[in-house]
Number of protein chains: 2
Amino acid sequence: MSTPPISRRARPSKAPLSRDVIVRTGLDILDRDGLDALTMRRVAKALDTGPASLYVYVAHREDLLAAMLDESLARVPLSSEGTWREQLHALAAATVEALGRHEGLAVVALGAIPTGSNALLVVDRMLALLKEGGLDDTTAAWAVDLLYLHIAAAGVEQSAYNTQDASEESTIAKAKDRYANLPGDRYPMVTSMRQALFAPGDRDAWGLRVLINGIIGTPAE
Amino acid sequence: MSTPPISRRARPSKAPLSRDVIVRTGLDILDRDGLDALTMRRVAKALDTGPASLYVYVAHREDLLAAMLDESLARVPLSSEGTWREQLHALAAATVEALGRHEGLAVVALGAIPTGSNALLVVDRMLALLKEGGLDDTTAAWAVDLLYLHIAAAGVEQSAYNTQDASEESTIAKAKDRYANLPGDRYPMVTSMRQALFAPGDRDAWGLRVLINGIIGTPAE
DNA sequence: CTAGGAAACGAACACCGTTCGTGTCAAACA
DNA sequence: TGTTTGACACGAACGGTGTTCGTTTCCTAG
């Protein structure tokens, strides 16, 4: 194709590139088409440019993902009403939900020590609430570690569940099937408790209650 | 190159392909060179064949990873000594360690309902121990959910820590640095508790104690 | 000894992340 | 005002990737 080099002056004033618009565009694509679709080329095309241009603002794809993670953590409400327990529960639940809303982002948070500025705000708030609950420094530090790990993991789970290809058979239905046809002698408990395993209920809230109860009742060392 | 088509008869009796040898070769490569090195081409080359040949036994790369995950779960000792609590703790810790030994494998376990035959054995044993502890069906079911989630997440963390490129500066040291230079007014707790946050200690064991204590003290619904 | 079917394979497709060198433009300086 | 400069944008390419297709090879069953 012989596209003559159009002066950018002539074009209808393209919005300038910046780290922020790249991150936001990335989140758009992620939400619309999933993690596999989030390629540097795709982001570049959405911004009407080539992939090379992105590398001025972003070191590599992982860097972009980390920035997207922190951006999506910006929307977590840091304070709420109630006792410190209720506030901690609400904060954790909100963070899980923020992570769960974008497929694959929570995985980025999982292996790493929180470092983004918004992630650190969440951690800071958590520590404050734990201290308000009367925990000593060591227990509070370990607790925030454990909570953050759980939050990231729960976020992964939630996003995996949210992002079910409507086209293919539900993952849960498949698993149910598999559990139903298991040899009862090799897996006696799984087989006999099949019903309870798949029964509905608010497991997320229960999990957070378990963690908080356990933290309160288990001083470090 | 004019390599004349050598009849396989003439070759020194290449070991035949099979799902098992592919999975084992995959684990070898993963342990030796990391997740990024685990490409279909690399596995094929290690087996002295082309990538296309693998697809007879393996549906796609993810399928291979899932098979590798279950294979590495085969080595988890399912029973030990002590009270049901101690046994549950040991089982969970052993599973975390098995997952943590192979970089990136735990991530595969994270989003999914356990379905592999070895994963199911672990789940079955956990359910048995929880029932031995006197929990009702619903609580035991939710507890195994929560424990499995934690185990997978802890495995990811451990493998991320194990797989530190010896070449580059330790991730922990970098985080310590970042925490040291944080604005104290924006992150008061993180800043003031910096010491406790990075202090050593057996956080993994504490985390499991927290979970088990919490489970015992938090009946479902 | 032959026919059939499963396994292995070579080549290719459509992408990917990332880098390099060149071009362009707006602000800073003379 | 004219010129320099340096940051940004971009086209093209490199060296890979997972996966598929059509063909060839080989073992086994008749």
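FYI, side chains are in, hydrogens and waters are out, and symmetry mates aren't considered; it's all heavy atoms of this structure. Each chain gets a letter, A, B and so on, in the order the sequences are listed, and its residues count up from 1.
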Worksheet item: Which salt bridge (charged side-chain N to carboxylate O under 4.0 Å, His left out) pairs, counting each pair once, include a residue from residues 18-28 of chain B, with sequence neighbours left out?
Response: B/Arg19-B/Asp63

Worksheet, complete the sentence: In whole angstroms, the gap separating C1' of C/dA8 from CD1 of B/Ile22 amounts to 11 Å

Worksheet item: Quick check: are there more than 12 heavy atoms from other residues, nucleotides or ligands sitting under 6.0 Å from CZ of B/Arg178?
Response: yes

Worksheet item: Listed in order of residue number, which residues of residues 50-59 of chain B have a non-hydrogen atom at under 4.0 Å from DNA chain C?
Response: B/Ala52, B/Ser53, B/Tyr57

Discussion item. Nearest whole Å is fine: how far is D/dT17 P from B/Leu35 CG?
Written reply: 13 Å

Discussion item. Is the phosphate of C/dC16 approached by A/Thr39 (side-chain N or O, under 4.0 Å from OP1 or OP2)?
Written reply: yes

Worksheet item: Quick one: B/Leu65 CG to D/dG18 P, roughly how many Å, whole number?
Response: 10 Å

Worksheet entry | Interatomic spacing from OG1 in A/Thr163 to NE2 in A/His102 - rounded to 0.5 Å | 10.5 Å

Practice prompt. For B/Glu62 and D/dT17, give me the distance from atom CD to atom C1', rounded to whole Å.
Written response: 15 Å

Worksheet item: Given atom CG of A/Asp36 and atom P of C/dA14, what is their separation to the nearest angstrom?
Response: 19 Å

Practice prompt. Using a strict cut-off of less than 4.0 Å between a Lys/Arg side-chain nitrogen and an Asp/Glu carboxylate oxygen, indicate whether A/Arg42 and A/Asp33 qualify as a salt bridge.
Written response: yes

Fill in: Chi angles and distances behind the side-chain contact (heavy atoms from CB on, under 4.5 Å) call for B/Leu99, B/Leu69
CA-CA 8 Å; B/Leu99 290 179; B/Leu69 166 67; 3.3 Å; yes

Worksheet item: For the pair made of CE in A/Met40 and P in D/dC10, what is the distance, rounded to whole Å?
Response: 15 Å

Worksheet item: In whole Å, what is the span from the CG atom of B/Leu17 to the P atom of C/dA6?
Response: 17 Å

Discussion item. Of the options D/dC10, C/dG17, D/dT19, whose atoms approach the side-chain atoms of B/His60 most closely?
Written reply: D/dT19

Discussion item. Between C1' on C/dC16 and CZ on A/Arg61, what's the gap in Å once rounded to a whole number?
Written reply: 9 Å

Worksheet, complete the sentence: CG of A/Asp204 to CD of A/Glu97, rounded to nearest 0.5 Å, is 10.5 Å

Worksheet item: Are the aromatic rings of A/Phe198 and A/Tyr179 close, with centres under 6.0 Å apart?
Response: yes

Discussion item. Can you tell me whether the side chain of B/Arg41 and the base of D/dG18 have a donor-acceptor pair closer than 3.5 Å?
Written reply: yes

